[in-house]
Undergrad: 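Got a structure here, written out as C-alpha cells. Questions coming.
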Amino acid sequence: KAYNVAIVGATGAVGGKILTILQDRQFPIESLKLLSSKRSAGKKILFNNEEVTVEEATPDSFTGVDIAFFSAGGSISKKLAKKAVDAGAVVVDNTSAYRMDEGVPLVVPEVNEGDLKNHKGLISNPNCSTIQMVAALKPIQSAYGLNRVIVSTYQAVSGAGNAACNELEEQSKQYLNNEEMKAELLPVGGDKNHYPIAFNALPQIDVFGENGYTFEEMKMINETKKIMHAQELPVAATCVRLPFFTSHAESVYIEVNQDGLTVNDIWKVLDGAEGVILEDNPSTQTYPTPLSAANKDEVFVGRVRKDLDNKKGFHLWVVSDNLVKGAALNTVQIAESLIKNNWL
Ligand code: 11C
C-alpha cells in the first residue's frame, strides 16, 4: 500500500531533509503535497525526478492526506495541525507545539515505539538534542537503571535555522578580515541582545524561563522524562551554541542504579544497540565529532569513563546530526513505525 503524504514547511531546512530521506528510504508514496507559507508557494521542487509545485498551506490543504509531516514552526502547527487531523490525516509534528500535551505521544522509535499505539492523530517529534541523548541512554536504562542525568550540550548553528548559518558564515569572514562582527540573530532572534557566534560560545539557546533555565534546557529535561517514562528521574541541562554548522555534541554524566559496573558493562549495552554506534578507543584516539557524525543516521557514543568518585557515575560523549536523527529522520521513522505496526 502507498500513502498520500503532505509536508508542511517543505522549503525549510528540515522539510528539505525530510524529502531527501523519504526518497532515499523509498517511503511508499501514492501522492505528495508540498506546502509552505504564501511567500514560498509556487517554488518547484524535484522529488523522484518529478517536479512538484509548492502550494500555500491552508486549513483546506489536508483533504485525502494520510500522513502530514509538519516542520514550519510552532505557530503554523498550532494553526493547522489539528485541522489536518480533523481532515483525517495522521500528523507527525516536528515542532514543540504539542510535545508535552497529555495524549500526544512524543516518540523516538528506538526508545518508546509502543507509545505510538494509542495516538489520536497527532504525534510529536522531540527536540534534536533530546533525541540523541535518549537514544544513547535507553540501552543503559534498560540494562542497569538510571538514577540521574546531567548534560552539557555543544550545539550546531543549523539548529537555529538557515539564517543562523548565514550569520556564522558572515561573522567568520568579518573576523578574519579584521572587521567588526555583526550580530543580529543569535542567540535568539526574538530576544533583546545579540552576540557573535563566530569564534565564540553562547550559553543561551532559546529564551530564558523564570527559573533561570532556557527553554532548550527545559525541553531536554521535560522531554527526556516523558520519552523515557521516568517522571522521577533527576535531569539537569546546560545548553550551549558553538560555531559549527552540523551535529550536536553532548557531554552526559549519568548515575546508574547498580554498584560495581565497569566501562565494559556500558560498552556492552551500547555496542549494537538500535540506532547507536559506539566509537570509543582512547588508544587509537577514536571518538565521534560533529564533523564525523554529519549526514549520518546514527547516534555516536564515545569517551565512556567511570566517574572517579561516584561508584555509580559514568561520563559519555554523544554526537549526532541534528537535522537527520535529530529531526527529519526520526520524523520519517515515526511514520514508518506506524505503517509497520498497522497503527496508522
Ligand atoms: C536548536 N534544538 O538547536 C534547537 C532546534 O524544539 O524542535 C530545535 C527546536 C525544537 O536550536
Side-chain angles (χ1 to χ4, degrees), residues 8-9 12-18 69-78 81 91-101 104-108 122-135 151-168 185-191 194-195 197 200-209 213-227 235 237-250 252 290 293-294 299 318-334:
V8 182
V14 174
K17 282 269 181 207
I18 291 177
F69 297 107
F70 271 68
S71 195
S75 57
I76 301 291
S77 291
K78 285 259 185 225
V91 169
V92 188
D93 182 25
N94 197 39
T95 77
S96 60
Y98 298 104
R99 285 181 190 147
M100 296 314 297
D101 287 15
V104 175
L106 180 66
V107 176
V108 179
L122 181 55
I123 295 149
S124 281
N125 190 63
N127 180 31
C128 39
S129 42
T130 313
I131 292 177
Q132 65 183 68
M133 182 169 80
V134 297
V151 56
S152 298
T153 68
Y154 306 71
Q155 293 184 222
V157 164
S158 58
N162 289 334
C165 293
N166 294 339
E167 184 165 90
L168 169 59
L185 183 64
L186 289 169
V188 187
D191 213 341
H194 303 293
Y195 305 108
I197 182 65
N200 208 358
L202 300 179
Q204 181 190 356
I205 297 183
D206 213 328
V207 293
F208 285 96
Y213 286 78
T214 61
F215 275 43
E216 180 79 357
E217 289 160 353
M218 290 313 297
K219 282 179 194 173
M220 288 199 80
I221 293 166
N222 295 329
E223 293 179 18
T224 296
K225 294 178 195 211
K226 178 167 176 175
I227 299 163
V235 182
T238 303
C239 293
V240 180
R241 184 83 67 199
L242 287 185
F244 49 81
F245 292 109
T246 310
S247 307
H248 292 340
E250 300 174 345
V252 189
V299 172
V318 180
V319 189
S320 191
D321 188 316
N322 56 310
L323 299 181
V324 179
K325 182 58 184 170
L329 175 63
N330 198 69
T331 307
V332 172
Q333 284 172 323
I334 288 173

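For ligands, and for the atoms within them, numbers begin at 1 and follow the listed sequence. Reckoned from all heavy atoms, side chains included, excluding hydrogens, waters and symmetry mates.
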Undergrad: Of all residues at least two apart in sequence or in a different chain, which pass the side-chain contact (heavy atoms from CB on, under 4.5 Å) check with S152?
TA: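 Applying side-chain contact (heavy atoms from CB on, under 4.5 Å) to S152 gives T238.
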Undergrad: Can you name the nearest heavy-atom pair linking R241 to I205, along with the distance?
TA: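 In this case the closest contact between R241 and I205 is NH2-CG2, 3.4 Å.
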Undergrad: When you measure from the centre of the six-membered ring of Y98, is the NZ or CZ of K78 under 6.0 Å away and within 45° of the axis?
TA: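 Pair K78/Y98 counts as cation-pi.
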Undergrad: Q155 and E216: side-chain donor and acceptor closer than 3.5 Å?
TA: yes
Undergrad: Which heavy atom of A249 sits nearest a heavy atom of V319, and at what distance?
TA: CB-CG2, 4.0 Å
Undergrad: Of the non-hydrogen atoms in G159 and H248, which two are nearest, and what is the gap between them?
TA: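 Where G159 meets H248 most closely, the heavy atoms are CA-CE1, 4.4 Å.
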Undergrad: What are the polar N/O contacts of ligand 1 with the protein below 3.5 Å, with distances?
TA:
| from | atom 1 | to | atom 2 | distance (Å) |
| --- | --- | --- | --- | --- |
| ligand 1 | 2 (N) | N127 | OD1 | 2.7 |
| ligand 1 | 2 (N) | E216 | OE1 | 3.1 |
| ligand 1 | 2 (N) | E216 | OE2 | 2.7 |
| ligand 1 | 3 (O) | Q155 | NE2 | 3.1 |
| ligand 1 | 3 (O) | R241 | NH1 | 3.0 |
| ligand 1 | 3 (O) | H248 | NE2 | 3.2 |
| ligand 1 | 6 (O) | R99 | NH1 | 2.8 |
| ligand 1 | 6 (O) | R99 | NH2 | 3.2 |
| ligand 1 | 6 (O) | K219 | NZ | 2.5 |
| ligand 1 | 7 (O) | R99 | NH2 | 2.7 |
| ligand 1 | 11 (O) | G159 | O | 3.2 |
| ligand 1 | 11 (O) | R241 | NH1 | 3.3 |
| ligand 1 | 11 (O) | R241 | NH2 | 2.6 |

